[in-house]
A.B. asks: 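Here you go, one structure.
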Amino acid sequence: MVEQSIYPTDMEMVITASQVDFFYGPTQALFDISLLIPAKHVTALIGPSGCGKSTFLRCLNRMNDTIPHSRVEGTITINQKDIYAPGTDVVELRKEVGMVFQKSNPFPKSIFDNVAYGPRIHGEKDPKRLAEIVEQSLQQAAIWDEVKDRLHANAMGLSGGQQQRLCIARALAVGPKILLMDEPASALDPKSTMRIEDLIGELRTNYTIVIVTHNMQQAARVSDYTAFFYEGGLIECDATPKIFTNPRQKQTEDYITGRFG
Amino acid sequence: MPKHMQHDIEKLKAKIIAMGEAVEDRVYQATLSVINRDPVKANAVIKGDREIDDMEVEIEEDCLKILALYQPVAIDLRFIVAVLKINSDLERIGDLAVNIAERGLFLAGQDQFKIPFDLTAMVALAEKMVTESIDALINHDVRLAHHIRAADDTMDAMNREMYAQIKEMLITDAEQVNTLMHVLSVGRHLERIADHATNIAEDVIYLVDAQIIRHTPELYDE
């Protein structure tokens, strides 16, 4: 059942998952997931390891397509378009739905080239326009001031926290509407984590963000809505303050209070 | 739940229950000092308040420590918030017991007189409400908590009745003015104690049902 009732009636929904099942070969990893993701809000997916939260996240931009013998059933629409419909342009989809991973993965190129990479492969050749996109993306990712004087230095020389923000800038450079983040701060120190969390707070004005996190306090701090996954099922999704003060499901309460999981 | 937090929460629970029982006893001793005109009991209650104050500070520090170290959520968070509030209410009840004991001390030095209304009934109800509020906390008993809210109406009615009777006596027996004013105080303190017991009951309802029902008298019944 799609839990429409927890959202204000006039809220725009960007992603609609209904009755989604996912299989890794014979193993079913997601069971009948129905979830709405509202526009320009942060939705956190939480749950113990192996609960299916990352699998679900990767269904949203078809990152799972690359896994042999995997299969999706059910429907996922983004802006009313079925993303698993035959003929869907996956490259276009991933332009619309950017992704940031747990481990920052800059290309062994300059800072500038990292950010310009996406726009270039999508056909942008004008150096002036590329420079604008790079600056704007780095600004949005709150790293411009730290790198503006060394845009042509190798990105591998940045700190872990800076690399992660560079990867966010790289994701933003192709103009996505949606950002998927898979544990974006779990490999960072507390200060860099705080910068990423602040950044998420700023980005939510313009982007729809779905974040997978093991850190429940992080989910509480950064998200507007929290969905709790357990053993491949969606147990509960609700406004984050509600989940962390008075969840409806006992399993959610047991998990967030550390009684299991 | 992390073992350390579980351990600290169990310790906190034991402390708030111990404080509840101590305060309950203070109210009982203070009212006895009035009814039996017993200055020794009255003095014991007055002197013992320091102990309640120390308990309050210790419990508050424990709550702050748990919040800072473990960032509890859901039922654990509601428990800490409820304990913080109940802690203040218990400390206030302790202060009111001292106030009653001070009236007791004064009245013990006066000539024997007839208390012009059913003070023992008020005392019994106030004590029952305090005892039950602690029971409701211990057993997470929402039903009992709702009963306590309802009992507060009875207490308010008794308080109004006492007020009317004392007013009448002040007119007919003006010589008793000092004594009567002190008796009036005792009644008012008992009524305040009942209010604090009601607050505790409401915090128990919040703890269990996560529902804030203060300022909603229509929710007396579940």
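For the numbers below, each heavy atom of this structure counts, side chains included, while hydrogens, waters and symmetry mates do not. Order of the sequence lines sets the chain letters (A, B, ...), proteins ahead of strands, with each chain counted from 1. These numbers were taken from a predicted model, which means no experiment stands behind them.
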A.B. asks: For B/Q6 and B/E10, which I'm curious about, is there any donor-acceptor pair between the side chains at under 3.5 Å?
C.D. replies: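 No - no donor-acceptor pair under 3.5 Å links their side chains.
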A.B. asks: Which members of residues 186-193 of chain B, sorted by number, sit under 4.5 angstrom from chain A on a heavy-atom basis?
C.D. replies: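 Within residues 186-193 of chain B, no residue comes under 4.5 Å from chain A.
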A.B. asks: When rounded to the nearest 0.5 angstrom, what distance separates CG in B/N87 from SG in B/C63?
C.D. replies: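 The CG atom of B/N87 sits 6.5 Å away from the SG atom of B/C63.
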A.B. asks: Would you confirm whether the ring centroid of A/Y230 sits within less than 6.0 angstrom of the ring centroid of A/Y255?
C.D. replies: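 Ring-ring flag for A/Y255/A/Y230: false, centres at least 6.0 Å apart.
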A.B. asks: Is it true that the side chains of A/N64 and A/R58 contain a donor and an acceptor less than 3.5 Å apart?
C.D. replies: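 Yes, a side-chain donor-acceptor pair sits under 3.5 Å.
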A.B. asks: Ignoring hydrogens and geometry beyond distance, is a side-chain donor-acceptor pair present between B/Y70 and B/D76 at under 3.5 Å?
C.D. replies: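 Absent: no donor and acceptor within the cut-off.
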A.B. asks: Given heavy-atom pairs under 4.5 angstrom as the criterion, report whether the side chain, backbone, both or neither of B/I75 touches chain A.
C.D. replies: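 Both parts, heavy atoms under 4.5 Å.
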A.B. asks: Is there a side-chain contact between A/Q162 and A/R165 in this structure, where contact means two heavy atoms from C-beta onward sitting under 4.5 Å apart?
C.D. replies: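 Yes, their side chains come closer than 4.5 Å.
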